[in-house]
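To start, the structure itself, in structure tokens.
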Amino acid sequence: MIILKSSLEIERMRAPCQIVSETLELLRQKIKPGITTLSLDQFAEKCARKRNAVPAFKGYSGYPYSLCCSVNNQVVHGFPTNKELCSGDILSIDFGVLFDDFYGDAAITVAVGNAGENASALIRITEESLYQGIEKASINNNLSDISAAVQSHAEKNGFSVVREFVGHGIGRSLHESPQVPNFGRPGRGVKLKQGMVLAIEPMINEKGPEVRVLSDGWTAITLDGGLSAHFEHTVAVTANGPEILTKL
Ligand code: MF3
Ligand code: CO
């Protein structure tokens, strides 16, 4: 069942979403060669708690950290570690919080120091794919119009779309119906309605789309060792079109 949010509820969702986007921006400024992802995790948790928000991922199905930190060939759900980042790495950071009964969720991918040409293109195209999807999050479009727009932009540019993980509805729960795949034909799935709030989150691979999960039960990596990037926004479907609640 898809839970529609009233305008008042969407207003309340702005606070957790802003805490997430402001934290991600502060994290972005800290990402430099020599920094550890564990220090980013601790910083993110402090940012949330200082504002009376609760990190959403810590303890979720047993996930042990506040932040997901996925480096290079890691796709999503990487654990923060005390290994120093190197120039040329790419790092995806995914963060969510609970505040005033509602969740916000977003992710960005950042180049550490000087990224290679392919890495930079992958990051840029993944973010563009997210925005192509968001543009379709309008009343009377179908859910799969979002999916198809993401897929088409990624594949047109020679990259591939991860199938195993998808976006999701979000509100009083971190994960609500519907699932939001990043692939598919347009014109399918539910009609988008005013009051739907969706976390749209393309995971795009440099080479093949296949992934596998490490024995830690969480870290997803590319099967062929290629790079992977991830961007996510929490988006409300409103009478005035898509509204990005996690926009800074
Ligand atoms: N943004 C991801 C999601 O919405 C992060 C979840 S990590 C988890 O699924 F630990 F909470 F599962
Ligand atoms: Co999400």
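In each ligand, atom 1 is the first atom listed, and ligand 1 is the first ligand listed. Index from 1, following the sequence.
Val166 and Ile134 fall into different hydrophobic clusters, where Ile, Leu, Val, Met, Phe, Trp and Tyr side chains are chained together by heavy-atom contacts under 4.5 Å.
Atoms of ligand 1 found under 4.0 Å from any heavy atom of His77, numbered from 1 in the order shown, are 5 (C), 6 (C), 7 (S). Using a 4.0 Å cut-off to heavy atoms of Glu232, the atoms of ligand 1 that qualify are 1 (N). Using a 4.0 Å cut-off to heavy atoms of Tyr63, the atoms of ligand 1 that qualify are 10 (F). The contact set between ligand 1 and Asp105, taken as ligand atoms under 4.0 Å from a residue heavy atom, comprises 1 (N), 3 (C), 4 (O). Annotation for ligand 1: atoms under 4.0 Å from non-hydrogen atoms of Cys68 are 7 (S).
With atom 5 (C) of ligand 1 as the reference point, the heavy atom nearest to it among Asp94, Leu67, Val76, Val166 is part of Asp94.
Other residues, nucleotides and ligands contribute only 12 or fewer heavy atoms inside 6.0 Å of the CD atom of Gln179. Within 6.0 Å of atom CD in Gln29, more than 12 heavy atoms from other residues, nucleotides or ligands are found, so the atom counts as buried in its surroundings. Counting heavy-atom neighbours within 6.0 Å of Lys136 NZ, excluding the residue itself, gives a total of 12 or less. Surrounding CG of Asp100 are more than 12 heavy atoms belonging to other residues, nucleotides or ligands, all under 6.0 Å away.
Grouping Ile, Leu, Val, Met, Phe, Trp and Tyr residues whose side-chain heavy atoms lie under 4.5 Å apart, directly or via other members, places Phe102 in a hydrophobic cluster with Ile10, Met13, Leu38, Val54, Phe57, Tyr60, Tyr63, Tyr65, Phe79, Leu98, Tyr103, Ile170, Leu174, Val197, Trp218, Leu245.
Glu128 and Lys156 are not joined by a salt bridge, as no carboxylate oxygen comes within less than 4.0 angstrom of a charged side-chain nitrogen. Using a cutoff of 4.0 Å between basic side-chain nitrogens and carboxylate oxygens, Glu11 and Arg14 are scored as salt-bridged.
Each of Asn118, Ile125, Thr126 was checked for a side-chain contact (heavy atoms from CB on, under 4.5 Å) with Leu122, and the lone residue meeting it is Thr126. When the options Ile2, Leu143, Ile139 are evaluated for a side-chain contact (heavy atoms from CB on, under 4.5 Å) with Leu192, the one that passes is Leu143.
In this structure, Ala199 does not count as a contact residue of ligand 1, since none of its heavy atoms falls inside 4.0 Å of the ligand.
The shortest contact between atom 3 (C) of ligand 1 and any protein heavy atom is with His175 NE2, 3.2 Å. Protein heavy atom at the shortest distance from atom 8 (C) of ligand 1 is Tyr60 CD2, 3.9 Å.
Polar contact check, Trp218 against ligand 1: no nitrogen or oxygen pair lies under 3.5 Å apart. Between His168 and ligand 1, an N or O atom pair is found at a separation short of 3.5 Å.
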- Residue pair Phe43, Lys30: steps toward the side-chain contact (heavy atoms from CB on, under 4.5 Å) verdict: CA-CA 10 Å; Phe43 179 81; Lys30 287 182 169 289; 3.3 Å; yes
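The count of protein N, O or S atoms under 2.8 Å from the Co ion (ligand 2) stands at 4, with waters excluded from the count.
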